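First comes the structure, then the notes that go with it.
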Amino acid sequence: MLTVDEALALVLAQAVPLPARAVPLVDAHGCVLAEDVASDIDSPPHDKSIVDGYAIVADDLRQGEACLVILEEVVAGDVPNVPVERGSATRIMTGAPIPEGADAVVMVERTEHQVHDSSHLGRVVIRDRDVRAGRNVMRRGTSMRAGDVVLQRGTRLRSIEIGLLAEVGRSSVQVASQLTVAILPTGNELVEPADIPAPGQIRNSNGMLLTAAARAAGGEPILLPIARDAEEDLRQKIARGLESDVLILSGGVSAGVLDLVPRVLAELGVEQVFHKLNLKPGKPLWFGVARRGERSTLVFGLPGNPVSSFVCCELFVRPVIARLSGRNDGGRFQVRARLEVDYQQRGDRHTFLPAIYRVGDDGAARVAPVAWRGSADLRGLVAANALISLGAGEHLYEAGEIVDVHLLDEI
């Protein structure tokens, strides 16, 4: 059987980023940038003061004290008119341009304004032994220069990036097309969450779980009605799901009599890439591609047990959504940490064990398995914020040993 890494490589090989579209900047939050963006300006556009105070020649304060003539007052949005020379100062506000000749700004809290008959602005007494050239001055272009690439293709746009795009003159931006993800739960035993299960029935937790996971990964989820274990019902609902960029089915991919999903997918022209891999939980995972003109639908058949379904979604669907969206973060969150307890690994499958990850007061990353009772135990999974990655084979992992950890996005 395929390893997890081999399977992921096959999945990502089929994931071609979606075409770009232009959106107004005001609507771009949460989108993924589909172009490199360069600044059209220097920022700041001039040497500016970063405090309210007085712009001076630093040499005037070599003795730690000076009484200087106030030439003018400059606020943000004004332009200085009078050069500053030895023995003089300009009253200046935060963000205002530094006058010609000045090379430092003294905070207003370290000054004393004195009115004087010979000048309507008077004089300022400054007592500060720590004044030097450049103090409280932000030089032109410190943040960025015209032509600098300030955001790269693949960046997911938060409010911070939106503000930066506005600063560099963008009113619209090229972003990846919205990715649609259809979710199709399957099984005769499923009822909706609001229903009381009859004997032999269970609530459809996977539909909501995978819908939320797809949205958290950056897709636009479409939750389809439950498909029953009957070929015609599966065929109709799978056909609807194939209209999306990604189709996630849960259930119907193992080896049971009513595990009909692979057969129906094949009848609908979906090409199987692989079925089953060396993974716990999640061995029955099915993956294939439906070609439709210039675009394709990537199809995942996930196991029906909710923890298996969730783990497969984290390991494979999330990176695919990131790749299709053109994101440069890969959609996976991998770290290393020390085990806090001994753990005996058994079996011949690569295991992803629900765990609690934390960083201690000493800055060291630590991880410990949660109390978990198998692939159907969603309640046990709730305590987890990570998955410990343990290789196949019998091995005693001792406390203090370094292990690979997959962080869950919603921690």
Side-chain angles (χ1 to χ4, degrees), residues 1-16 181-190 206-207 209-210 213-214 224 226-235 237-242 244-292 296-321 323-324 332 347-352 374-376 387 389 391-392:
M1 285 186 290
L2 293 173
T3 67
V4 170
D5 289 341
E6 288 169 343
L8 182 60
L10 290 173
V11 168
L12 293 179
Q14 301 293 334
V16 179
V181 182
I183 294 96
L184 178 57
T186 75
N188 288 338
E189 74 279 16
L190 298 181
N206 278 356
L209 183 153
L210 295 171
L224 300 174
I226 296 167
R228 300 306 172 187
D229 294 321
E231 290 194 21
E232 186 55 35
D233 193 36
L234 281 168
R235 189 177 293 107
K237 289 170 181 170
I238 289 174
R240 288 173 57 186
L242 292 176
S244 297
D245 298 300
V246 176
L247 169 59
I248 307 173
L249 300 103
S250 68
V253 292
S254 294
V257 174
L258 295 181
D259 288 322
L260 306 174
V261 167
R263 183 193 312 167
V264 174
L265 288 169
E267 291 172 359
L268 290 171
V270 183
E271 303 168 17
Q272 177 180 309
V273 176
F274 64 79
H275 186 193
K276 298 184 181 179
L277 66 157
N278 190 26
L279 171 64
K280 180 181 180 182
K283 177 181 176 181
L285 177 67
W286 190 100
F287 173 70
V289 183
R291 316 286 178 187
R292 48 189 180 93
S296 300
T297 299
L298 303 187
V299 181
F300 293 89
L302 308 187
N305 276 325
V307 178
S308 299
S309 200
F310 175 78
V311 169
C312 289
C313 189
E314 278 291 313
L315 298 182
F316 299 99
V317 180
R318 179 180 290 279
V320 156
I321 291 176
R323 176 69 65 87
L324 291 174
R332 298 182 75 179
D348 59 355
R349 284 185 282 162
H350 189 162
T351 299
F352 285 82
S375 297
L387 302 170
S389 174

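These figures come from a predicted structure and were not determined experimentally.
Closest approach of Pro185 and Gly207 over heavy atoms only: CG-CA, 3.9 Å. Shown here for Ala239 and Leu268, the closest heavy-atom pair between the two residues is N-CD1, 4.1 Å. Here the shortest heavy-atom pairing between Ala7 and Leu277 reads CB-CD1, 3.7 Å. The two residues Asp229 and Glu189 have their closest heavy-atom pair at OD2-OE1, 4.3 Å. The two atoms that bring Val181 and Ala214 nearest to each other are CG1-CB, 3.9 Å, heavy atoms only. Between Thr297 and Gly241, the shortest heavy-atom distance links the atoms CG2-O, 4.4 Å.
Considering only heavy atoms from C-beta on, Val289 comes within 4.5 Å of Arg291 through its side chain. Side-chain contact between Thr186 and Ile226 is absent, with no heavy-atom pair separated by less than 4.5 Å.
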Practice prompt. Might you work through the side chain to side chain contact (heavy atoms under 4.5 Å, CB included) test for Val270 and Trp286, ending with a clear yes or no?
Written response: CA-CA 11 Å; Val270 183; Trp286 190 100; 3.6 Å; yes

Item to complete: Go through the steps for Leu224 and Ile238 under the test side chain to side chain contact (heavy atoms under 4.5 Å, CB included), then give the verdict.
Response: CA-CA 9 Å; Leu224 300 174; Ile238 289 174; over 6 Å; no

Practice prompt. Determine, stepwise, if the pair Val311 / Leu387 fulfils side chain to side chain contact (heavy atoms under 4.5 Å, CB included).
Written response: CA-CA 9 Å; Val311 169; Leu387 302 170; 4.3 Å; yes

Discussion item. Quick one, Leu12 with Gln14, criterion side chain to side chain contact (heavy atoms under 4.5 Å, CB included). Give me CA distance, side-chain angles, the key distance, then yes/no.
Written reply: CA-CA 5 Å; Leu12 293 179; Gln14 301 293 334; over 6 Å; no

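Atom CG of residue Leu279 and atom CG of residue Leu2 lie 11.0 Å apart, to the nearest 0.5 angstrom. Taking CD from Glu267 and CG from Leu260, the interatomic distance works out to 9.5 Å, rounded to the nearest 0.5 Å. With rounding to the nearest 0.5 Å, the separation of CG in Leu302 from CG in Leu210 is 6.0 Å. In this structure, Arg349 CZ and Met1 CE are separated by 7.0 Å, a value rounded to the nearest 0.5 Å. Atom CZ of Arg318 sits about 14.0 Å away from atom SG of Cys312, to the nearest 0.5 Å. Note: Asn206 CG to Leu190 CG = 7.5 Å, rounded to the nearest 0.5 Å.
Under the side-chain hydrogen bond (donor to acceptor under 3.5 Å, both in side chains) criterion, Ser375 pairs with Ser308, sequence neighbours left out. For Thr351, the side-chain hydrogen bond (donor to acceptor under 3.5 Å, both in side chains) test picks out Gln345, with sequence neighbours left out. Residues meeting the salt bridge (charged side-chain N to carboxylate O under 4.0 Å, His left out) test with Glu231, sequence neighbours left out: Arg235, Arg263. Legend: residues meeting side-chain hydrogen bond (donor to acceptor under 3.5 Å, both in side chains) with Asp233, ordered by chain and number and at least two apart, are Lys237. Residues meeting the ring-ring contact (aromatic ring centres under 6.0 Å, His included) test with Phe352, sequence neighbours left out: His350. Considering only residues two or more places apart in sequence or on other chains, Val11 meets the side-chain contact (heavy atoms from CB on, under 4.5 Å) condition with Phe274, Phe287, Phe300, Phe316, Val320.
With hydrogens and angles ignored, the 3.5 Å screen pairs no side-chain donor or acceptor of Arg228 with any backbone N or O of Leu234. A distance-only check finds a donor-acceptor pair linking the side chain of His275 to the backbone of Val253 [under 3.5 Å]. Listed for the Thr3 side chain is a donor-acceptor partner under 3.5 Å among the backbone atoms of Glu6.
Between Arg292 and Asp245 there is a salt bridge, since at least one side-chain N of the basic residue sits less than 4.0 Å from a carboxylate O of the acidic one.
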